[in-house]
Amino acid sequence: MLKSHSCGELSKKDVGAKVTLAGWVDRRRDHGGLIFIDLRDREGIVQVVFNPETAKLCHEIASEMRNEYVVRVSGEVALRPQGTENPKLPTGDVEVIAHNTDILNPSKTPPFYINEDIEVEESLRLKYRYLDLRRTRMKENLLLRHRVVKFMRDFLDAKGFIEVETPILIKSTPEGARDYLVPSRLYPGKFYALPQSPQQLKQLLMVAGVEKYFQIARCFRDEDTRADRQPEFTQLDLEMSFVEEEDILNLLEELFTSLVEIIKPEMRVIKPFPRLTYAEAMEHYGTDKPDLRFGLELGDLTDIVAQSDFSIFRSAIADGGKVKGICAPGCGTYTRSQLDELNKLVQSLGAEGLVTISLGTAGGNLNALTIEMVKSVAARFLTLDQIKQMAERLGAKTGDLLLIVAGNPKLVDMTLSELRQEMGHRLKLADPNLFVFAFIQNFPLLRWDDETGRWESEHHPFTAPWDEDVPLLDTTPEKVHGKHYDVICNGYEIGGGSLRIHTSELQRKIFKLLGYNDEEVEERFGHMLEAFQYGAPPHGGIALGLDRIVMLLAGEETIREVIAFPKNQSAADLTFDAPSPVTEEQLAELHLRLRNE
RNA sequence: GGCCCCGUGGUGUAGCGGACUAACAUGCCACCCUGUCACGGUGGAGAUCGGGGGUUCGAAUCCCCCCGGGGUCGCCA
């Protein structure tokens with residue numbers, strides 16, 4: 001090794017030791033005489049002193065050093081002179097008196113600061129990701145991710161799971177997300193696909209008798225990105241045989257609880273994890289992944305306003321819509337422009353608009369509300385009694401602000417869910433030191449797709465229906481529940497899983513219901529149906545979004561901050577400038593010709 | 001594909017129709033400086049204000065188009 005110690009590990013106990021360090025120049029302080037170099041490596045920073053009187057040559061070399069030069073220093077660890085200790089540095093009690101030094105590699109001036117944690121345009125960071133990763137924030141995120149994965153491996157190993165790798169080159173399944181395709185050289189006109197998840201493979205591992213499987217699995221989906229979605233991402237994928245839903249939920253609860261305890265002990269977790277049905281989540285929060293760190297629950301006001309004279313409400317209801325709202329506590333004093341802002345938000349989400357009802361400017365008992373205190377465009381179409389009923393249902397006091405949206409039920413829920421999130425943020429209702437994990441259960445198995453005119457799986461076609469609902473598959477498929485569950489945390493879906501179908505008869509029936517004819521079923525899923533005929537055990541599992549979990553633990557806003565080399569919003573890799581054209585020879589070998597478009 | 005936001009020296013920002021010959025901080029270069037630690041001091045270089053077109057006597061500033069980046073809806077079984 002070119003070094004004997006790490007910069008960050010030195011302390012009083014090393015005083016007198018002869019050490020050789022190697023790392024990057026974090027900062028240089030040149031006093032004309034003495035030169036101080038803050039030398040940085042992965043473990044931390046230590047101050048090196050170059051004295052022209054005791055080490056002339058050494059001092060001359062040091063005067064050439066600039067930020068991010070890679071240098072090596074030999075010298076003696078010394079206690080700093082009294083009064084010059086630096087309490088801000090973990091190594092601040094000591095310094096290294098340089099006896100010998102050399103520049104291993106100079107550096108151009110970096111395009112942005114390495115030694116300061118200030119915001120830099122993300123595209124620049126991504127182009128020079130190798131420099132960005134030197135910064136404290138990114139270094140810590142990489143370390144955190146390592147520790148999270150290590151914890152998961154150890155945890156599951158202790159529970160008897162074994163890690164199995166599954167192929168990256170696999171078969172395209174046109175349902176679900178768009179596949180990334182890989183052309184085959186040996187089979188002209190045929191393609192592999194990259195896995196959207198190892199779903200079918202892990203089920204086959206259950207048929208294989210693995211019983212408890214997990215994998216840190218890379219997954220690929222050719223869909224548009226989001227702050228929490230990348231074209232390639234990582235799942236903690238796991239599957240168990242002979243389990244019931246409760247077994248899996250208990251495992252997850254233990255996994256997440258001890259994960260936070262060990263990795264982020266300063267954060268709190270609510271235990272046991274709340275459980276909501278899908279219907280409850282939609283009714284109270286308008287989304288299946290609510291941030292449960294605060295209330296602000298949605299209330300359905302349809303029945304109250306159905307007889308009102310307010311045409312916006314009445315026509316929405318007449319068109320089969322509904323009217324729901326939330327209460328923003330203490331926001332009765334919101335100004336016109338603040339209300340306009342909220343209205344704009346609502347409209348940008350596709351809703352017609354937002355009806356606001358201010359319940360006066362001072363907080364107090366609802367009984368004291370008078371019609372004079374109420375400010376709203378709807379006020380003259382509503383009775384005081386109706387307003388009080390609405391306020392009561394939304395848990396409002398005087399001085400609060402009611403935010404009401406009318407229209408298509410799905411749109412109303414979506415809009416209010418976003419409004420709730422926005423108000424929660426504005427009013428700082430979410431405790432930043434709290435993780436509220438929760439399970440969402442009782443999802444519908446199927447969803448009718450108007451565009452394709454057929455049933456689609458809410459989760460995926462391998463999810464088992466509730467036993468008692470199986471007969472409904474033939475009559476009212478929309479009423480069938482699936483043995484599916486999601487894990488959510490602070491407003492993010494961080495995982496979803498299910499108990500699977502393990503008999504070929506039921507699996508075939510589901511495929512049929514999804515609109516596949518026998519031939520298509522055979523071509524696409526024949527391998528699964530056949531496998532299920534060779535003693536497939538009952539099984540189930542879950543896939544957890546590792547990137548999102550690490551993002552939450554790191555307190556970051558996007559998963560890009562916890563991925564070493566992420567793609568940008570346009571799915572490009574700015575470090576490598578991928579994707580890129582390939583040569584005509586490469587195309588020919590793959591039997592491909594580009595279309596002129 | 002739709003909607004919203006952003007683009008000014010290397011970096012981060014200010015300026016939002018005339019006093020801009022574009023400001024501030026930091027970085028960079030040179031010189032001075034032996035106890036600093038975001039060292040300090042003096043001086044210097046560095047920007048056709050993302051690109052194109054238009055409005056105007058006059059555009060970094062207003063309008064249109066394009067490009068790049070971010071957020072989001074659709075999409076993500």
Side-chain angles (χ1 to χ4, degrees), chain A residues 26-39 45-54 59 66-68 78 80-89 91-92 95 97 108-128 131 173-179 196-197 199-200 219-231 233 341 344-345 347-351 411 414-415 418 421 445-447 449 451-452 454-463 482 484 493 496 498 510-511 514-516 524-525 545 557-558 560 568-570 572 574:
Chain A
D26 194 64
R27 224 177 269 278
R28 183 180 67 119
R29 289 178 295 280
D30 186 344
H31 287 234
L34 286 179
I35 294 176
F36 299 97
I37 297 274
D38 287 341
L39 189 63
I45 287 176
V46 71
Q47 171 166 283
V48 181
V49 187
F50 296 88
N51 190 328
E53 288 175 6
T54 57
H59 179 268
R66 294 293 182 274
N67 283 356
E68 301 310 312
R80 289 194 184 196
Q82 198 162 17
T84 67
E85 300 88 353
N86 184 355
K88 282 186 253 173
L89 269 189
T91 62
E95 61 193 8
I97 311 298
K108 290 168 68 175
T109 301
F112 50 82
Y113 301 96
I114 308 297
N115 52 16
E116 274 179 57
D117 188 26
I118 59 165
E119 285 298 321
V120 178
E121 198 187 319
E122 198 178 351
S123 54
L124 191 69
R125 293 174 54 204
L126 291 178
K127 181 177 175 190
Y128 296 97
L131 296 179
T173 51
E175 45 282 325
R178 204 174 289 114
D179 280 323
Q196 296 175 23
S197 84
Q199 181 60 38
Q200 297 183 42
C219 306
F220 306 85
R221 293 178 191 175
D222 188 3
E223 298 291 348
D224 288 353
T225 63
R226 288 289 183 276
D228 62 354
R229 267 166 42 188
Q230 284 268 299
F233 61 101
E341 237 181 307
K344 264 180 133 177
L345 170 71
Q347 287 179 339
S348 75
L349 295 166
L411 192 59
M414 193 267 267
T415 307
E418 290 301 319
Q421 202 62 34
L445 185 72
L446 302 160
R447 155 170 43 89
D449 187 338
E451 260 180 51
T452 58
R454 53 187 215 182
W455 292 104
E456 303 236 325
S457 294
E458 176 71 34
H459 184 40
H460 57 55
F462 309 106
T463 301
H484 172 60
E493 180 196 324
S498 61
I510 298 289
F511 286 140
L514 294 175
Y516 298 111
R524 290 178 190 177
F525 302 109
E557 304 271 328
T558 85
R560 295 189 298 277
N568 71 1
Q569 186 170 58
S570 318
L574 297 182

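By convention in this document, chain letters (A, B, ...) are assigned in the order of the sequence lines, proteins followed by strands, and residues within each chain are numbered from 1.
- Taking atom P on both nucleotides, G58(B) is separated from C4(B) by 31 Å, rounded to a whole Å.
- For Arg27(A), counting side-chain heavy atoms from C-beta on, the closest listed nucleotide (C39(B), U11(B), C28(B)) is C39(B).
- Across C76(B), G35(B), A77(B), the shortest atom-to-atom separation from the side chain of Arg229(A) is found for C76(B).
- In this structure, Phe112(A) does not pack face-to-face on the six-membered ring of U11(B), missing the 5.5 Å centre cutoff or the 30° plane limit.
- Atom-to-atom, CD of Glu418(A) to C1' of C3(B) comes out at 14 Å; the value is rounded to the nearest Å.
- Atom P of nucleotide G71(B) and atom CD of Gln230(A) are separated by 9 Å, given to the nearest angstrom.
- Counting non-hydrogen atoms under 4.0 angstrom, Lys88(A) reaches the backbone sugars and phosphates but no base.
- Between the P atoms of G9(B) and U72(B), the separation comes to 27 Å (whole Å).
- For Arg560(A), taking side-chain heavy atoms from C-beta onward, the closest of the listed nucleotides C39(B), G70(B), C28(B) is G70(B).
- The residue Leu124(A) sits close only to the backbone: its heavy atoms come under 4.0 Å of sugar-phosphate atoms, none of a base.
- Here G71(B) presents its P atom at 16 Å from CG of Leu349(A), a figure rounded to the nearest Å.
- Taking every side-chain heavy atom of Asp224(A) into account, C75(B) is the closest of G35(B), A77(B), C75(B).
- Taking the C1' atom of each, C57(B) and C62(B) are spaced 16 Å apart, rounded to whole Å.
- Pair check for G46(B) finds none; no Watson-Crick or G-U wobble contact set falls under 3.5 Å.
- Here G68(B) presents its C1' atom at 12 Å from CD of Gln569(A), a figure rounded to the nearest Å.
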(message) Between Glu85(A) and Arg80(A), does the salt bridge (Lys or Arg N to Asp or Glu O under 4.0 Å) criterion hold? Intermediate values first, please.
(response) CA-CA 6 Å; Glu85(A) 300 88 353; Arg80(A) 289 194 184 196; over 6 Å; no
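- The aromatic rings of Phe525(A) and Phe511(A) sit parallel to each other, their planes meeting at less than 30°, with 60° as the upper class boundary.
- Ranking C75(B), C29(B), G12(B) by closeness to the Val120(A) side chain, first place goes to G12(B).
- In this structure, the side chains of Leu89(A) and Ile45(A) come closer than 4.5 Å at one or more pairs of heavy atoms.
- Between Ser570(A) and G69(B) there is a side-chain polar atom (N or O) within less than 4.0 angstrom of OP1 or OP2.
- With hydrogens and angles ignored, a donor-acceptor pair under 3.5 angstrom links the side chain of Glu95(A) to the base of G35(B).
- Distances were taken from every side-chain heavy atom of Leu34(A) (C-beta onward) to each of G35(B), C33(B), C76(B); the shortest belongs to G35(B).
- Taking atom P in both C24(B) and G41(B), the straight-line distance is 16 Å, to the nearest Å.
- Each of Gly176(A) and Lys344(A) has a nearest nucleotide on RNA chain B; the 5'-most of these lies closest to Lys344(A).
- To the nearest whole angstrom, the two P atoms, one in A59(B) and one in U13(B), are 27 Å apart.
- Map Thr173(A) and Gly32(A) each onto its nearest nucleotide of RNA chain B; the residue landing nearer the 5' end is Gly32(A).
- Rounded to whole Å, the distance from CG on Asp179(A) to P on C76(B) is 12 Å.
- Within the nucleic acid shown, Pro111(A) comes within 4.0 Å of sugar-phosphate atoms alone, with no base atom in reach, counting heavy atoms only.
- Taking only side-chain nitrogens and oxygens, Arg221(A) comes nearer than 4.0 Å to OP1 or OP2 of A77(B).
- Applying the 5.5 angstrom centroid cut-off and the 30 degree plane-angle cut-off, the aromatic ring of His31(A) is not stacked upon the base of C33(B).
- Comparing the P positions of A60(B) and G50(B) gives an interatomic distance of 10 Å, to the nearest angstrom.
- Spacing between atom CG of Asn86(A) and atom C1' of C39(B) amounts to 12 Å, rounded to whole angstrom units.
- One P atom belongs to U48(B), the other to U55(B), and the distance between them is 25 Å to the nearest Å.
- Gln47(A) and Arg29(A) are linked by a side-chain donor-acceptor pair at a separation below 3.5 angstrom, with hydrogens and angles left out of the test.
- Between the side chain of Arg66(A) and the base of C29(B), no donor-acceptor pair of N or O atoms lies under 3.5 Å.
- The side chain of Ser123(A) lies closest to G69(B) when the candidates are G69(B), C39(B), C37(B).
- For Arg226(A), the listed nucleotide lying nearest its side chain is U72(B); candidates were G71(B), U72(B), C39(B).
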(message) I'd like to know whether Glu68(A) forms a salt bridge (Lys or Arg N to Asp or Glu O under 4.0 Å) with Lys108(A), so could you lay out the CA-CA distance, the side-chain angles of the two residues, the decisive distance to 0.1 Å, and finally the verdict.
(response) CA-CA 8 Å; Glu68(A) 301 310 312; Lys108(A) 290 168 68 175; over 6 Å; no
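- Taking atom CD of Glu119(A) as the reference point, atom P of U26(B) lies 20 Å away to the nearest angstrom.
- Remark: the separation of the P atoms in U61(B) and A22(B) is 16 Å, to the nearest Å.
- Considering only side-chain atoms of Glu121(A), the nucleotide from C37(B), G12(B), A38(B) that sits closest is G12(B).
- Ser123(A) has its side chain out of reach of Asn568(A): every pair of non-hydrogen atoms, C-beta onward, lies at least 4.5 Å apart.
- When Watson-Crick and G-U wobble pairs are counted only if both distances are under 3.5 Å, A60(B) pairs with no nucleotide at all.
- Leu131(A) places its CG atom 18 Å from the P atom of G27(B), with the value rounded to the nearest Å.
- No donor-acceptor pair under 3.5 Å is formed between the side chain of Ser570(A) and the backbone N or O of Ala572(A).
- Relative to the side chain of Phe36(A), the nucleotides A77(B), G35(B), G10(B) differ in distance, and G35(B) lies closest.
- The shortest distance between the side-chain N/O atoms of Arg29(A) and the OP1/OP2 oxygens of U36(B) is not below 4.0 Å.
- A 3.5 Å limit on both hydrogen-bonding distances identifies no Watson-Crick or G-U partner for A38(B).
- Among the heavy atoms of the strands lying under 4.0 Å from Asn568(A) are primed sugar atoms or P, OP1, OP2 only; no base atom is included.
- Looking only at atom types and distance, the side chain of Ser197(A) has no donor-acceptor partner in the side chain of Gln199(A) under 3.5 Å away.
- Between Asp228(A) and Arg226(A), none of the side-chain N atoms (NZ, or NE/NH1/NH2) sits under 4.0 Å from a carboxylate O, so this pair counts as no salt bridge.
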